[in-house]
Amino acid sequence: MEFEKRLDLLLVHCQGELGHVLVGGAPEIPGATMLDKMNHINNVDDSLRRFVTFEPRANVAMSVNLLVSPTRPDADAGFIVLQADRAHPMSGSNCICVVTALLESGRVPMVEPETTVRLDTPAGLIVVRAQCEKGRCVGVSLDNVPSFAELLDHEIDTPDWGPIKVDIAFGGVYYALVDVEQVGLTIAPDNARKLAEAGIELKRLLAEQVRVSHPTLPGVDEIAYVMFRDKEPDGAVRTCTTLQPGRVDRSPCGTGSSANLATLHARGLVTVGDARTSRSIIGGEFIAEAIGETEIGGRKAVLPRVTGRGYVYGRTELRVEEDDPFMTGFALSDTWGPQVGLLK
């Protein structure tokens, strides 16, 4: 069967988190920079995002990465993270998925044993070193954008748990980092639904009580995710990032690991050269390393390097037909959680 109009996607996951890569058929997104393009999707025309991230073509536990030509001469490719709630400027697991897809599909030439890939993102330039063997991408280390703590031990009022202390930090997007015992849970697969609901409720409360605005990225002005964290006996950080409309990240979360590294750096618990293992709710691991220090908008920042692996496991075509009654997609509360009304 031949489709007159279609979208081509590579199916990729990173430590269990789906980060499909839209490699062909997408319309041109207006904007001089990748940040402009992201803001266009969020503020002007979100039809593509809805088409690829809502039912019946998608499910809640996934992202789709829009692959676009770079807007800067020093990049090999550009991408924007599309999720159920909006387009986001950066994601570590999705960056790993994109690099793996680019190299294993031949869109960026693979050089063994290591290939350097430069990605244009709304958050800034990401330099990636991919370990390659026998035509496969077997490891990805990404040098993330400067990450910094905005607020430490900031107290918010909650009706369900009383006063809760949160760290607010930027690691490519803004996070609220919450020690999980404060909501009476542990980070375990059996608690995924409860963690998701707690995280979405905290995100709602944070939107009422905390304001953020990135000093150099116009439009990056919300706390995107709540990440619960806990300490493992071996020193690793157990993470659980919660996402709209109500689910948990299957990966250890690269931008969240960067944000957490920034809070450790701000407290003097991490210096350049130190590394921490981030472990997800299902046991996947990233390594987050402090490779440098800098300053952004008057804030002391750390330069994180996040290492993990992605897997291309298939490909698919989405047919685009104007008479499809669900071109804009839909979401039902039985599969998308109780906060479906927050989707735009």
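Nothing fancy with the numbering, it's 1 onward along the sequence.
A salt bridge does not link K165 to E155: none of the charged nitrogens lies less than 4.0 Å from a carboxylate oxygen. E232 has a carboxylate O that lies under 4.0 Å from a charged side-chain N of R238, or vice versa, which qualifies the two as a salt bridge. Salt bridge present: D179 and R229 bring a charged side-chain N and a carboxylate O closer than 4.0 Å. Using a cut-off of 4.0 Å between Lys/Arg side-chain N and Asp/Glu carboxylate O, D230 and R279 are scored as not salt-bridged. Salt bridge D153/R267: present, at least one basic N to carboxylate O contact under 4.0 Å. Salt bridge R118/D143: absent, no basic N to carboxylate O contact under 4.0 Å. Taking a cutoff of 4.0 Å between a charged side-chain nitrogen and a carboxylate oxygen, R299 and E295 do not qualify as a salt bridge. Taking 4.0 Å as the cut-off between side-chain N and carboxylate O, E222 and R211 do not count as a salt-bridged pair. Using a 4.0 Å cut-off between charged nitrogen and carboxylate oxygen, R204 and E201 count as a salt-bridge pair.
Judged by distance alone, with hydrogens and angles left aside, the side-chain atoms of D274 form a donor-acceptor pair with the main-chain N or O of T271 at under 3.5 Å. No donor-acceptor pair under 3.5 Å is formed between the side chain of Q83 and the backbone N or O of T53. Checked by atom type and distance alone, the side chain of N65 never pairs as donor or acceptor with a backbone atom of F79 at under 3.5 Å. Looking only at distances, a side-chain donor or acceptor of S147 sits under 3.5 Å from a matching main-chain atom of V145. No side-chain donor-acceptor contact under 3.5 Å links R50 to the backbone of F330. With R250 contributing its side chain and V248 its backbone, the two residues share a donor-acceptor pair below 3.5 Å. Looking only at distances, a side-chain donor or acceptor of N42 sits under 3.5 Å from a matching main-chain atom of A87. Counting only distance, with no hydrogens or angles, the side chain of T186 and the backbone of A188 share no donor-acceptor pair below 3.5 Å.
We find the CD1-CG distance between I80 and L82 to be 7.0 Å, quoted to the nearest 0.5 Å. Annotation: the span from D167 atom CG to L152 atom CG amounts to 5.0 Å, rounded to 0.5 Å. A distance of 12.0 Å separates NE2 of H13 from CD1 of I96, quoted to the nearest 0.5 Å. The distance from the NZ atom of K203 to the CG atom of D85 is 6.5 Å, given to the nearest 0.5 Å. Annotation: the span from T294 atom OG1 to K300 atom NZ amounts to 12.0 Å, rounded to 0.5 Å. Atoms OG and CD1, from S278 and I287 in turn, are 8.0 Å apart once rounded to the nearest 0.5 Å.
Nearest heavy-atom pair across L205 and P159 is CD1-CD, 3.9 Å. Across all their heavy atoms, D8 and R6 have their closest contact at OD1-NE, 3.2 Å. Taking both residues in full, the closest heavy atoms of N39 and P218 are given as ND2-O, 3.2 Å, listed atom of the first, atom of the second, then distance. Of all the heavy atoms in S257 and P252, the pair that sits closest is OG-O, 3.5 Å. Of all the heavy atoms in S63 and R247, the pair that sits closest is OG-NH2, 4.2 Å. Scanning all heavy atoms of the two residues, the minimum distance from A130 to C137 falls at CB-SG, 3.9 Å.
Side-chain contact check for N260 and T239: no donor-acceptor pair (N or O, by modelled atom type) lies under 3.5 Å. Checking Q209 against H154 by side-chain atom types alone, no donor-acceptor pair falls below 3.5 Å. In the model, D160 has no side-chain atom that pairs as donor or acceptor with a side-chain atom of T158 under 3.5 Å. With no hydrogens or angles considered, no side-chain donor-acceptor pair links S93 and E17 at under 3.5 Å.
For the pair L202 and V183, the minimum side-chain heavy-atom distance is below 4.5 Å. Residues T116 and V128 form no side-chain contact, since every pair of their non-hydrogen atoms from C-beta on lies 4.5 Å or further apart. By the 4.5 Å heavy-atom criterion applied to side chains, R72 and L125 are counted as neighbours. Looking at heavy atoms from C-beta onward, R86 lies out of side-chain contact with Q244 at the 4.5 angstrom threshold. Contact of the L48 side chain with the L7 side chain is registered, since non-hydrogen atoms from C-beta on lie closer than 4.5 Å. Within the 4.5 Å cutoff, the side chain of I223 has no heavy atoms near those of the Y175 side chain. Side-chain contact check for L185 versus I187: every heavy-atom pair is 4.5 Å or farther apart. A heavy-atom distance below 4.5 Å is not found between the side chains of L303 and E293.
There is a path of hydrophobic side-chain contacts, each under 4.5 Å, that joins L10 to V320. Put simply, L151 and V220 are part of the same group of oily side chains (I, L, V, M, F, W, Y) that touch within less than 4.5 Å, one to the next. With hydrophobic clusters built from ILVMFWY side chains whose heavy atoms lie under 4.5 angstrom apart, I291 does not share a cluster with L264. Criterion: ILVMFWY side-chain heavy atoms under 4.5 Å apart, direct or through other members. Under it, L195 and I282 are part of a common hydrophobic cluster. Hydrophobic cluster membership is shared by V210 and F228, with clusters built from Ile, Leu, Val, Met, Phe, Trp and Tyr side chains linked at under 4.5 angstrom.
Two rings, from Y225 and H88, have their centers less than 6.0 Å apart.
Atom CZ of R107 has more than 12 heavy atoms from other residues, nucleotides or ligands within 6.0 Å. Other residues, nucleotides and ligands contribute at most 12 non-hydrogen atoms within 6.0 Å of the CD atom of E133.
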Dump the intermediate steps for side-chain contact (heavy atoms from CB on, under 4.5 Å) on L11 and V312, then the final yes or no.
-> CA-CA 6 Å; L11 309 182; V312 178; over 6 Å; no

Go through D120 and K37 one step at a time and tell me if the salt bridge (charged side-chain N to carboxylate O under 4.0 Å, His left out) criterion holds.
-> CA-CA 12 Å; D120 186 7; K37 293 177 184 292; over 6 Å; no

Derivation and outcome, side-chain contact (heavy atoms from CB on, under 4.5 Å), residues L119 and D76 | CA-CA 6 Å; L119 294 176; D76 300 298; 5.8 Å; no

Checking side-chain contact (heavy atoms from CB on, under 4.5 Å) for the pair C253/T255: CA distance, chi angles, key distance, verdict?
-> CA-CA 6 Å; C253 192; T255 50; 4.0 Å; yes

Please lay out, stage by stage, how L142 and M90 fare under the test side-chain contact (heavy atoms from CB on, under 4.5 Å).
-> CA-CA 12 Å; L142 63 98; M90 177 53 188; 4.0 Å; yes

Going through the distances and angles, do E150 and Y174 end up as a side chain to side chain donor-acceptor pair (under 3.5 Å)?
-> CA-CA 9 Å; E150 188 88 30; Y174 274 105; 3.2 Å; yes

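Under the side chain to side chain donor-acceptor pair (under 3.5 Å) criterion, E104 pairs with R136, sequence neighbours left out.
Residue V178 is tested with I164, L206, T242 for a side chain to side chain contact (heavy atoms under 4.5 Å, CB included); the sole match is I164.
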